[in-house]
There are 2 protein chains.
Amino acid sequence: MPTRERTSTNEIITAGRELLEDGGPAGLTMQAVASRVGVRAPSLYKRFRDRDALVSAVAAAAVDDLGARLESVGSGLPRLADAYRAFAHEHPEAFRLIFTASAPVEALDRAAAPVLRAARELVGDDRALDAARLITAWATGFLQMELTGAFRLGGDVDEAFDYGLDALVRGLAPWPDA
Amino acid sequence: MPTRERTSTNEIITAGRELLEDGGPAGLTMQAVASRVGVRAPSLYKRFRDRDALVSAVAAAAVDDLGARLESVGSGLPRLADAYRAFAHEHPEAFRLIFTASAPVEALDRAAAPVLRAARELVGDDRALDAARLITAWATGFLQMELTGAFRLGGDVDEAFDYGLDALVRGLAPWPDA
DNA sequence: ACCTGAACACCGTTCAAGT
DNA sequence: ACCTGAACACCGTTCAAGT
């Protein structure tokens with residue numbers, strides 16, 4: 001006689017995201033997740049091979065959210081950058097997790113699509129990929145440093161972000177002296 | 001009667017760095033470190049408050065190495081960028097660790113000095129800090145993505161790095177249309 | 001078919017006891 | 001003064017047994 005399901009993959013992932021945000025990766029334990037969804041830890045292994053698989057699923061869900069967010073904002077680079085930064089501020093732990101070994105690389109491709117589009121508009125097809133990498137690397141590094149509190153030499157961080165974006169666009173735009 | 005010291009703070013940190021590089025953060029356990037320096041785990045608590053303190057010391061040592069490396073290379077931006085990238089390739093785990101919560105922020109300041117100098121030469125005093133943040137954020141994000149294997153859409157990664165650096169310099173340099 | 005208690009290996013940490 | 005064994009709490013994981 002089959003026992004009725006007492007939880008679901010989605011519920012587990014949601015619980016994982018909540019625990020991650022308010023306890024960091026160390027708070028995302030199998031026992032904490034299980035107890036939050038009303039089950040015992042061993043039951044989680046019915047749906048995830050191990051903790052690493054669960055963490056990856058949590059990261060993938062976050063990336064999907066991020067991708068939807070970027071899609072919804074159009075292809076203007078400033079809008080994209082702001083949306084990216086807003087996501088990082090709202091889900092700092094998830095943002096950090098995304099760029100860790102447990103990151104699901106193929107999910108990242110979808111989230112990167114809007115940036116690639118914006119880069120193409122700016123520099124054309126040939127250099128679109130390089131330009132997208134430049135922009136993404138800058139924004140990711142900046143946010144990571146901002147979240148870790150590495151910006152302690154003073155100065156306005158918001159202004160530094162805008163300054164960076166402007167300089168990037170200037171450096172990427174086809175310049176007139178050619 | 002005092003027992004003679006069987007290890008030292010430096011030896012412990014060195015052991016920690018080695019374990020980190022070949023087993024990731026998960027390989028950096030108190031027991032593994034202890035056994036590598038010929039002591040039992042509880043002895044480590046004579047010199048480090050807890051594992052986190054040890055991990056921070058490991059990160060600080062790595063940052064010091066990085067700083068020395070950047071100092072030794074002068075203030076040319078391309079040289080600095082290459083040295084930064086070389087360090088990340090040689091010590092990927094340490095590089096990742098540096099930009100984690102356990103990062104010792106004040107040690108980062110020293111390592112950032114050469115970049116700040118290069119930025120000042122490029123854009124002048126007023127914008128030196130913003131420019132340094134742009135460059136550091138880009139390089140850090142780029143290397144982090146490279147190490148994590150996030151660059152899977154093809155294209156030459158070396159070339160993308162050079163392209164990014166060129167665009168950055170172009171965007172930062174005082175441009176002629178003013 | 002899903003869930004559980006019990007068990008195991010491993011980890012961080014404390015502490016009284018050794019020298 | 002430094003080191004240790006023993007102990008504790010906690011974690012990930014397995015598995016036989018329940019329904």
Side-chain angles (χ1 to χ4, degrees), chain A residues 1-61 93-94 96-97 100-104, chain B residues 1-61 93-94 96-97 100-104:
Chain A
M1 194 55 125
T3 307
R4 205 173 67 68
E5 296 186 342
R6 262 163 246 185
T7 184
S8 69
T9 300
N10 275 336
E11 198 189 6
I12 291 169
I13 292 174
T14 300
R17 296 180 73 176
E18 293 165 356
L19 286 165
L20 173 70
E21 267 330 314
D22 43 69
L28 180 36
T29 71
M30 299 302 270
Q31 316 206 6
V33 171
S35 118
R36 186 171 274 240
V37 302
V39 107
R40 299 293 190 158
S43 296
L44 300 178
Y45 293 81
K46 273 285 143 179
R47 307 171 199 266
F48 297 94
R49 194 169 22 83
D50 53 19
R51 178 177 181 275
D52 223 59
L54 201 169
V55 172
S56 290
V58 166
E93 293 293 345
R96 259 190 282 264
L97 180 64
T100 295
S102 33
Chain B
M1 196 55 126
T3 307
R4 206 173 66 72
E5 296 187 340
R6 263 164 247 185
T7 183
S8 69
T9 299
N10 276 336
E11 198 189 5
I12 292 169
I13 293 174
T14 299
R17 296 179 74 176
E18 293 165 355
L19 286 165
L20 173 70
E21 267 333 313
D22 45 65
L28 180 38
T29 71
M30 298 302 270
Q31 316 206 6
V33 171
S35 118
R36 185 171 275 241
V37 301
V39 107
R40 297 293 189 160
S43 296
L44 300 178
Y45 293 82
K46 274 286 143 178
R47 306 171 200 267
F48 296 94
R49 196 168 21 80
D50 53 20
R51 179 177 181 275
D52 224 59
L54 201 170
V55 172
S56 291
V58 166
E93 294 293 345
R96 259 191 281 266
L97 180 64
T100 294
S102 35

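Throughout, protein chains are lettered first and strands after them, A, B, ... in sequence-line order, and every chain is numbered starting at 1.
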Spacing of Arg40(B) atom CZ relative to dA17(C) atom P, expressed in whole Å
20 Å
May I ask you to verify whether the side chain of Ser43(A) and the base of dT4(C) hold a donor-acceptor pair under 3.5 Å?
no
Rounded off to whole Å, could you give me the CG-to-P distance for the Leu44(B) and dT14(C) pair?
13 Å
How far does CG of Leu97(B) sit from CG of Leu28(B), to the nearest 0.5 angstrom?
8.0 Å
State the dot-bracket string of DNA chain C. Criteria: Watson-Crick or G-U wobble, both atom distances under 3.5 angstrom; notation: ( ) intrastrand, [ ] crossing earlier pairs, | interstrand, . unpaired.
||.|||||...|||||.||
Check every strand shown and say whether Ser8(A) touches a base, only sugar-phosphate, or nothing at a heavy-atom separation below 4.0 Å.
nothing
Nearest of dT4(C), dG5(D), dC2(C) to any side-chain atom of Pro42(A)?
dT4(C)
Using modelled atom types only, decide if a donor and an acceptor are shared between the side chain of Glu93(A) and the backbone of Asp22(A) within a distance under 3.5 Å.
no
Just how far, in rounded Å, is C1' of dT13(C) from CG of Leu54(B)?
14 Å
So, OP1 or OP2 of dT4(D): does either fall under 4.0 Å of a side-chain N or O from Arg6(B)?
yes
Supply the atom-to-atom distance Thr9(A) OG1 to Glu5(A) CD, rounded to the nearest 0.5 angstrom.
8.0 Å
For Arg51(A), the side chain to side chain donor-acceptor pair (under 3.5 Å) test, sequence neighbours excluded, returns none
Enter the distance from Glu11(A):CD to Thr14(A):OG1 here, rounded to the nearest 0.5 Å.
7.5 Å
CZ (Arg96(A)) and CG (Leu20(A)) are apart, to the nearest 0.5 Å, by 9.5 Å
What's the CZ-C1' distance between Phe48(B) and dC3(D), to the nearest Å?
16 Å
For residues Leu54(B) and Met30(B), report the shortest heavy-atom separation together with the two atoms involved.
CD1-SD, 3.9 Å
Please tabulate, one pair per line, each protein N/O and nucleotide N/O from nucleotides 8-12 of chain D that are separated by under 3.5 Å, including the distance.
| from | atom 1 | to | atom 2 | distance (Å) |
| --- | --- | --- | --- | --- |
| dG12(D) | OP1 | Met30(A) | N | 3.4 |
| dG12(D) | OP1 | Arg51(A) | NE | 3.2 |
| dG12(D) | OP2 | Met30(A) | N | 2.9 |

Answer with yes or no whether Thr3(B) presents, from its side chain, a donor or acceptor under 3.5 Å of a partner atom in the base of dC3(D).
no
Rounded distance (Å) that lies between atom C1' of dC3(D) and atom CZ of Arg4(B)
13 Å
Arg36(A) (side chain) donor-acceptor with Leu19(A) (main chain) under 3.5 angstrom
no
Give, for atom CD1 of Ile12(B) and atom CG of Leu44(B), the distance between the pair rounded to the nearest 0.5 Å.
5.0 Å
Atom CD of Glu11(A) and atom P of dC2(C): how far apart are they, to the nearest Å?
15 Å
